[in-house]
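Since the structure comes first, as structure tokens, the remarks are kept for the end.
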Amino acid sequence: MTLEQHISSLAKSAVKDLYDVEATDAQIQLQKTRPEFEGNITLVVFPFVKLARKAPAQVAAEIGEELMKSELVAKYNAVQGFLNLSISDAFWVEQLRAIDADEHYGRFERPSEKALPFKEGEGVGSPLMMVEYSSPNTNKPLHLGHVRNNLLGYSIAKIQEANGWKVVKTNIVNDRGIHICKSMLAWLKFGNGETPESSGKKGDHLIGDYYVRFDKEYKAQIAELTAKGMDEETAKREAPLMLEAQEMLRKWEANDPEVRALWAKMNEWVYAGFDETYKRMGVSFDKIYYESNTYLEGKSEVEKGLASGAFYRREDGSVWADLTKDGLDEKLLLRSDGTSVYMTQDIGTAKLRFQDYPIDKMVYVVGNEQEYHFKVLSILLDRLGFPFGKELVHFSYGMVELPNGKMKSREGTVVDADDLMDKMVSDAREISKDKVNTLQGITEAEADEIARKVGLGALKYFILKVDPRKNMLFNPAESIDFNGNTGPFIQYTYARIQSVLRKSVSPKDGLSSVSDSGLSAEGGLDAKELALIQRLCEYPAAVRTAGDEFSPAVLCNYAYALACDFNSFYHDLSILNEPDEQKKTLRLLLSANVAKILKSAFGLLGIEMPERM
RNA sequence: GGUCCGGUAGCUCAGCUGGAUAGAGCAACAGCCUUCUAAGCUGUGGGUCUCGGGUUCGAAUCCCGACCGGAUCACCA
């Protein structure tokens, strides 16, 4: 039972005894005592003031007196309508012992309340959540916007696992369409047979360069045409390069062997590049879908919908869904030339996924610019008779903005993912050179590995600590900090603890004897020790909230608070030099569990911990 | 124009299911390493929580209305 549950039940009986009223859960308002007052947990007594017909401070004092009958409450003080309770040291020590004994502290066996029912006949097991994230286009390398997507997706998957879900991480690769044709065409025209091997470029960057090249040449053609007096709209439509790209797309759909071969070759280059970036970022997938394999399924679903009357065909042959009854517009599903659009493919992908897995909840990690798309997709799937349509979750996150606005691939105003990771790691390496005292005696390779973890830790934390729903700003001119509320700060706290544990004579013996002999609260807990234990107790709630709200930021905030508490404790109190053996072992045990939970929380964020730094 | 999201310190962000004097980090300034890692700790300055109403014991938080910023409403993805 948590402290809140204990106090809540005690408070209810106190109110019953004193005022003969059954208090509701909503009336029991508990909060952590603010640091400027004495106490650990505070009961807000305003809800009882009216029925007691007494002044708030008096009500608080009366309830406080009543609660003192429990061994749990050691002291109380009443300030206006706030009853501040000091919980007995014995309780806290017992909590620490329990946390230490629990290897999976902060993980839940059962799904959260939001879980859908188990599949019939499946018996025991966790409900299954599929999380789609990343979903790149194959015509350009990953940039900072994708980084946010990937980090959020991966972390959300880990967090939901901790909350009792079985999670399947998935990626839908947008490997076909006009965008890739543009790169292919530019490569054919201007590439002179360049390959990743011949140029030494990563495949995704090479393809991206030709995508940019296409746009440059295309714009030149438009300029040429408008100079001859053509209006801009027509020029955009009639430019030879655009016509060629569209022709190439039609050939692709018609399975033209040459186009298909080129497409396959260039996509391979891109995948090799993506794999490298994913690996470095530390994200992975359990199942990858390709649009080229799902769009036909989508088309056939649309045809079925057409037959059943869910959709309709216009005179020009295009197929539409009328969503005006749902308060939306009409939505195109198939172009007049019969080719499919994004929505068509998403319908097919959804169908295949639900065929492949017993999915209880489908989550799409996709930017908030696509909210309309997912609203429509949900309705369309429902209309096609898929029961999961209404249940899909669009985890809509905010954009990463640069000081001068949004990133635009074609305009070259992007922060490249590979470059950014390089920069972070080399910055970390540079900073570590000043730490000759703590990092002496390690090899170059070890130093590189630490810099890799720290640099990526700084980047990941920087991105994940922001509320995912909000847009965030990244200023390339200012490098990401390694001090203050940052990933490295928390990694540093962890490394410090590891250092202490390494230096304790025989930490294992020391710690196990604590568990055996029984850690006691004799001599009393120091305020810093108590605060740290109380913080450790909050971890499961943080994991739960992060899961319910789909917010890694909650765990960042928690880990930061825990690290702050530890650093304060570490500064004020000695661990290894503490003469009192009882206190020393308690502090060692406490430190070890802080490290355990910091590592656990960072694990849920996808951030690695260095053992020293 | 319709819909959705946001506006908190110079900057980047917490806090938002209503609770005590609104918090961090960065930047600025001042201290702390013969002591377990100074990527740390302590302190100072910095606020009309965009504005105006309302709800109540109590509003940054909830409601209404303005203003400002962003997204979206494609035979793009």
Side-chain angles (χ1 to χ4, degrees), chain A residues 26 29 31 33-34 36-37 42 44-47 49-50 56 79-82 84 135 137 139 174 177-179 291 314 316-320 327-329 331-343 345-346 366-373 375-376 396 398-399 401 403 405-406 428 431-432 434-435 437-439 454 458 462 465-467 469-475 478 480-493 495-504 553-554 556-557 560-561 563-564 566-568 570-578 587-588 591 612-613:
Chain A
Q29 295 178 27
Q31 55 185 272
T33 304
R34 299 183 65 122
E36 58 265 36
F37 301 99
T42 295
V44 182
V45 303
F46 288 109
V49 167
K50 259 185 195 162
V79 182
Q80 300 167 49
F82 299 90
N84 303 318
S135 308
N137 290 340
N139 62 326
N174 298 300
I178 193 72
H179 53 85
E291 180 181 346
R314 286 189 184 169
D316 63 3
S318 55
V319 177
W320 296 75
L328 303 172
D329 286 325
K331 185 76 191 171
L332 177 87
L333 298 174
L334 287 176
R335 298 190 185 99
S336 49
D337 66 1
T339 56
S340 61
V341 293
Y342 187 43
M343 187 63 75
Q345 163 242 315
D346 257 357
V366 179
N368 60 15
E369 55 193 355
Q370 292 191 34
E371 276 170 10
Y372 182 75
H373 172 82
K375 202 175 279 181
V376 172
S396 164
M399 298 290 98
E401 289 167 346
K406 267 188 81 171
I431 291 168
S432 74
D434 299 335
K435 317 290 170 193
N437 292 331
T438 56
L439 291 178
V454 173
F462 175 81
K465 79 168 184 208
V466 180
D467 182 339
R469 283 172 288 277
K470 292 186 177 173
N471 288 356
M472 65 178 290
L473 188 114
F474 174 79
N475 188 345
E478 299 168 13
I480 293 174
D481 270 308
F482 287 79
N483 297 320
N485 185 358
T486 66
F489 167 85
I490 294 162
Q491 290 172 318
Y492 177 72
T493 306
R496 266 180 154 181
I497 296 172
Q498 294 313 307
S499 175
V500 171
L501 295 179
R502 277 194 298 272
K503 284 181 181 164
S504 67
V554 169
C556 288
N557 291 338
Y560 178 62
C564 285
F566 180 82
N567 282 322
S568 171
Y570 179 88
H571 182 266
D572 289 5
L573 303 173
S574 189
I575 302 167
L576 298 174
N577 299 325
E578 168 58 46
R587 286 175 191 170
L588 273 171
S591 302
R612 39 167 50 192
M613 67 185 271

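Every chain is numbered from 1 and lettered A, B, ... according to where its sequence line falls, protein lines coming before strand lines.
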The nucleotide from G40(B), A77(B), G19(B) with an atom nearest the side chain of Gln31(A) is G19(B)

Glu369(A) has its side chain closest, among A38(B), G23(B), A71(B), to A71(B)

OP1 or OP2 of C36(B) under 4.0 Å from side-chain N/O of Arg502(A)
no

With a 3.5 Å cut-off and just heavy-atom distances, do the side chain of Thr493(A) and the base of A39(B) make a donor-acceptor pair?
no

message = Please classify the nucleic acid contact of Asp467(A) as base, sugar-phosphate, or nothing, using heavy-atom distances under 4.0 Å.
response = sugar-phosphate

Would you indicate whether Gln80(A), at its atom CD, is surrounded by more than 12 heavy atoms from other residues, nucleotides or ligands within a distance under 6.0 Å? no

Here the distance between atom P of U37(B) and atom CE of Met613(A), to the nearest Å, is 14 Å

When Leu332(A), Asp337(A), Leu334(A) are each screened for side chain to side chain contact (heavy atoms under 4.5 Å, CB included) with Ser318(A), the one that passes is Leu332(A)

### Query
Contact class for Leu333(A) vs. all strands (heavy atom < 4.0 Å): base, sugar-phosphate, or nothing?
nothing

| task | Please work out if Glu371(A) contacts a base, only the sugar-phosphate, or nothing of the nucleic acid, heavy-atom cut-off 4.0 Å. | result | sugar-phosphate

**Prompt:** When we call it a touch if two heavy atoms are under 4.0 Å apart, what does Met472(A) touch: a base, just sugar-phosphate, or nothing?
**Reply:** sugar-phosphate

What is the nucleic acid contact for Tyr560(A), judged by heavy atoms within less than 4.0 Å: base, sugar-phosphate only, or nothing? sugar-phosphate

>> Over all strands shown, is Gln370(A) touching base, sugar-phosphate only, or nothing at heavy-atom distances under 4.0 angstrom?
In response: base

Between CG of Asp434(A) and C1' of C33(B) the distance, given in whole Å, is 16 Å

On RNA chain B, more 5' by nearest nucleotide between Ile431(A) and Gln29(A) is Gln29(A)

field: Any donor-acceptor N/O pair, Arg587(A) side chain to Ser574(A) backbone, under 3.5 Å
entry: yes

* Asked: What does Val454(A) touch in the nucleic acid at a heavy-atom separation under 4.0 angstrom: a base, only the sugar-phosphate, or nothing?
  -> base

Any base atoms under 4.0 Å from Lys465(A), or only sugar-phosphate, or nothing? Heavy atoms, all strands. nothing

If you measure from the ring centre of Phe82(A) to the centre of the six-membered ring in the base of A20(B), is it under 5.5 Å, with the planes under 30° apart? yes

key: Ring center gap for Tyr492(A) and Phe482(A) short of 6.0 angstrom   = no

If you measure from the ring centre of Phe37(A) to the centre of the six-membered ring in the base of A20(B), is it under 5.5 Å, with the planes under 30° apart?
yes

**OP:** Identify whether any heavy atom of Asn139(A) sits under 4.0 Å from a base atom; if not, whether one sits that close to sugar-phosphate; answer base, sugar-phosphate or nothing.
**Re:** nothing

Touch check for Tyr372(A), heavy atoms < 4.0 angstrom, all strands: base, sugar-phosphate only, or nothing? sugar-phosphate

Separation of A39(B) atom P from Phe489(A) atom CZ, nearest Å, is 12 Å

When Asn471(A) and Phe462(A) are each assigned the nearest nucleotide of RNA chain B, the 5'-most assignment goes to Phe462(A)

Report task. State whether the aromatic ring of Phe46(A) stacks on the base of G58(B), taking stacking to mean ring centres under 5.5 Å apart and ring planes under 30° to each other. Result -> no

inquiry  = Heavy atoms only, 4.0 Å cut-off, all strands: where does Leu473(A) land among base, sugar-phosphate and nothing?
reply    = sugar-phosphate

### Task
Measure the acute angle between the ring planes of His373(A) and Tyr342(A), then classify it against the limits of 30° and 60° as parallel, tilted or perpendicular.
parallel

- With a 4.0 Å cut-off on heavy atoms, is Phe482(A) in touch with a base, just the backbone sugar-phosphate, or nothing at all? base

message = Counting the atoms with a prime plus P, OP1 and OP2 as sugar-phosphate, which does Ser591(A) contact under 4.0 Å by heavy atoms, base, sugar-phosphate, or nothing?
response = nothing

Review point. Does the base of A77(B) carry an N or O that pairs as donor and acceptor with the side chain of Asp346(A) under 3.5 Å?
Key: no

